[in-house]
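Here the structure comes first, spelled out in C-alpha cells, and everything after it is commentary.
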Amino acid sequence: MSSNKPSIPKGTRDFSPIEMNRRNHIFFTIKKVFEQFGYQPIETPAMETLGTLLGKYGEEGDKLLFKVLNSGDFLSAVTPDDLREGNATRLSTQISEKGLRYDLTVPFARYVVQHRNEITFPFRRYQIQPVWRADRPQKGRYREFFQCDADVIGSDSLINEAELLQIADQVFVQLSIKVVLKLNNRKILGGIAEVIGHADKITDITVAMDKLDKIGIDKVNEELSARGIDALAIERLQPIIQLGGSNAEKLEQIGKVLAESEEGMKGIAETLEVFRLSEIMGIQSPLELDLTLARGLNYYTGAIIEVKAADVSMGSVCGGGRYDNLTGIFGLPGISGVGISFGADRIYDVMLELNLFPSATASSTQVLLVNFGGKEEQLSIQMAGRLRTLGLNTEMYPDNAKIKKQFSYADSKQIPWVIIIGENERTTGTYILKNMKTGEQQTTAPEMILSHLLKNL
RNA sequence: GUGGUUUUAGCUCAGUUGGUUAGAGCGUCUGAUUGUGGUUCAGAAGGUCGUGGGUUCGAGUCCCAUAUUCCACCCCA
C-alpha cells in the first residue's frame, strides 16, 4: 500500500464492468433510435479553443468551463504586474487557450461552420460523448458526464421538433422509463414579456414563475416585484401564472393575453402545430405545455423541450430546443437548428433507482469451459473455438484450478452455461453441459451440445 | 460561487459524557465436499477510524485546516 490513497477528481467516477454493461445498454438504445430517424454520428475533440467556448453559455457558463493550461512555459506572457493585480479572468486568458467542452451543441455549431461545404442540409447528426462542467456535484449532477445529442440543422420545419419528441418518447419507452415530455416556446415567453411591457425581463419572469409549485402565488408575485416588474404588469401576468386545463385550453387562454403580440402569437401557432404533429406521430408519453421551462434560454429561439422522469426526484433527463442562429456566432448566419440532448448518467441513476435494468446485463459471457489441464485442456480450448465460431460468447477458465473454484467463478459472473471436459469425458468422447440456472446437466456428444446451446440462447 | 452535511473493514453501517486490544451484517478466502456453483455449517483474513495539524495523561469521539459525499441556493443533463 502506498502511503496516500489514490483518488479521482471531484465529480468524476470509475465505471466497473457491471456499470459499463448497463451504460452500454443505454447508449445502444439511444443510438439505435437516433439511427432509425436518419441521424448520423460525429465526434469532436474533448478540447475546444476558448474562443469557441467562451460567451456561449452566459456568465454562469463561462465560470463552469474547465480551462486547460497552455503547454510549456505558460507563464511567459504573464508580467509580475498581472500577477499583482490578481485579475483571474484576464490572467486565465494569458495562460490558457483551450478548454474542455461544456456541451455538444456549441462544438456542433462550430463543426457545421467549419465543414459547411461537405454537409448536405438538412443535416441530422448525433453525438455521444462526455462533457465537463466545473459545477458543484450533487445527486445526478457530475463534473464529467455523457450527453447524447441529436440535432437537425438547416431546416425550419416543425416536423423536426415533433420528431425529436417522438425520439425521446421511443427512447424512454424502450428503456421502460415513465416520463413526461414538456414543451415550451421562447416566442410565447417573449410575447408575454412584451405584452406586459418588460420585454427585457423574460428570464426574470420565467425564473419567478418556475417557483410557483415551491413557494406559492404570493411569493412568486413578491419575487416578480423584487426583480423589477411593476404592479400593473404583475396584475396582467396573473392569468398566465395560474394557467390550467389541457394544452389546448392553456394555449387559448394565453392567446387572449397575447393577441397584440405578433411574436407571441407566432409562438402559439408553432406550439399548436407541434402538438398536432405529435398526435399524428402517436407519441405515447404524456406531453404537456409548461411555460416555466427556461432551460437554455440563452440561445433557444423557438421550441424548448424537457423530459422529466415520473416517480423519481431527479433533474431533467433530457432537454433541447430550437436555435435559429447558433452558427451565426461562428460566421454562418441564417441557419436554423433544433436539437435534443439525453443525459445518460441521469438516465442511469433513474433506472438504478427504479430497478429497471434487466438482469441479463450483468455479464456478457454465455459459456464457460472448465479447465482440467493437460489433454483435457486442449479439447476445451478447441471446443471454445467452435463455440465462438457459432457466435457464442465463450470463456475458457485459464488455470487448472479446483473445480469448485471454477464453478464459483461462473456463478459470480452469472454465466448461464458451463461445459466440463475432464478425463472421463475425454475417454468417452461425450462432454457435460451444465445449465447454471436450473442446475441440470447432461452428458452428450459435442455436436449435441452445440446444437442445444444454439437452440437455447 | 454562498450556506449546511457526510466520511469508521471490499460494501452497508454501529461505536455511550473523550478511557484497555474499534464491532456487526453482507462480501472475500479456507475447510466440511480430492469432478460441480448458488443453500447450510465451522474457521480465517481484512481498519495508522478521509488527510494534515492542534487540545489532552489519553482522541474514532473535542478544535482548526483541507479533501470528498450529499442537500439547499444559483445554474443545469
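Quick note: numbers below take in every heavy atom, side chains included, and nothing from hydrogens, waters or symmetry partners.
- Taking atom P on both nucleotides, B:rA22 is separated from B:rU48 by 12 Å, rounded to a whole Å.
- Taking atom P in both B:rC57 and B:rG52, one finds a spacing of 23 Å when rounded to whole Å.
- Annotation: A:E447, atom CD; neighbour count of heavy atoms from other residues, nucleotides and ligands within 6.0 Å is above 12.
- Partner of A:E48 under the salt bridge (Lys or Arg N to Asp or Glu O under 4.0 Å) criterion, out of A:K98, A:R101, A:R110: A:R110 alone.
- Comparing the same atom, P, in B:rC13 and in B:rC75 gives a spacing of 32 Å after rounding to whole Å.
- Taken to the nearest 0.5 Å, the CD atom of A:E425 stands 11.0 Å off from the OG1 atom of A:T444.
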For nucleotides 29-39 of chain B, read 5' to 3', which letter fits each nucleotide if B means a protein heavy atom sits under 4.0 Å from the base, S means only the sugar-phosphate is that close, and - means neither? --S---BBBB-
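- Taking the P atom of each, B:rA9 and B:rU66 are spaced 24 Å apart, rounded to whole Å.
- Aromatic pair A:F146/A:F342: ring centres not closer than 6.0 Å.
- To the nearest 0.5 Å, atom CG of residue A:L165 and atom CD1 of residue A:I305 are 4.5 Å apart.
- Here, B:rU55 and B:rC70 have their P atoms 35 Å apart, quoted to the whole Å.
- Rounded to whole Å, the separation between the P atoms of B:rA59 and B:rU51 comes to 15 Å.
- Taking atom C1' in both B:rA42 and B:rU33, the straight-line distance is 13 Å, to the nearest Å.
- For B:rG43, the paired base is B:rC29 (Watson-Crick or G-U wobble, both distances below 3.5 Å).
- Ring centroids of A:Y39 and A:Y126 are separated by 6.0 Å or more, keeping the two rings apart.
- Base-pair partner of B:rC70: B:rG4 (Watson-Crick or G-U wobble, both distances under 3.5 Å).
- Figure legend: A:R346 and A:F145 shown without cation-pi pairing, the cationic atom not lying both under 6.0 angstrom from the six-membered ring centre and within 45 degrees of its axis.
- Crowding of A:K32 atom NZ: a count of heavy atoms from other residues, nucleotides or ligands under 6.0 Å exceeding 12.
- Only the P atoms considered, B:rC62 is 27 Å distant from B:rG25, to the nearest whole Å.
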Quick tally for nucleotides 65-77 of chain B: nucleotides whose base has a protein heavy atom under 4.0 Å get B, sugar-phosphate-only ones S, the rest -, giving ---SSSBBSBBBB
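- Under the Watson-Crick or G-U wobble criterion, with both distances below 3.5 Å, B:rA65 is paired with B:rU51.
- A:L291 pairs in a side-chain contact (heavy atoms from CB on, under 4.5 Å) with only one of the listed residues (A:I205, A:T206, A:I241, A:I240), which is A:I240.
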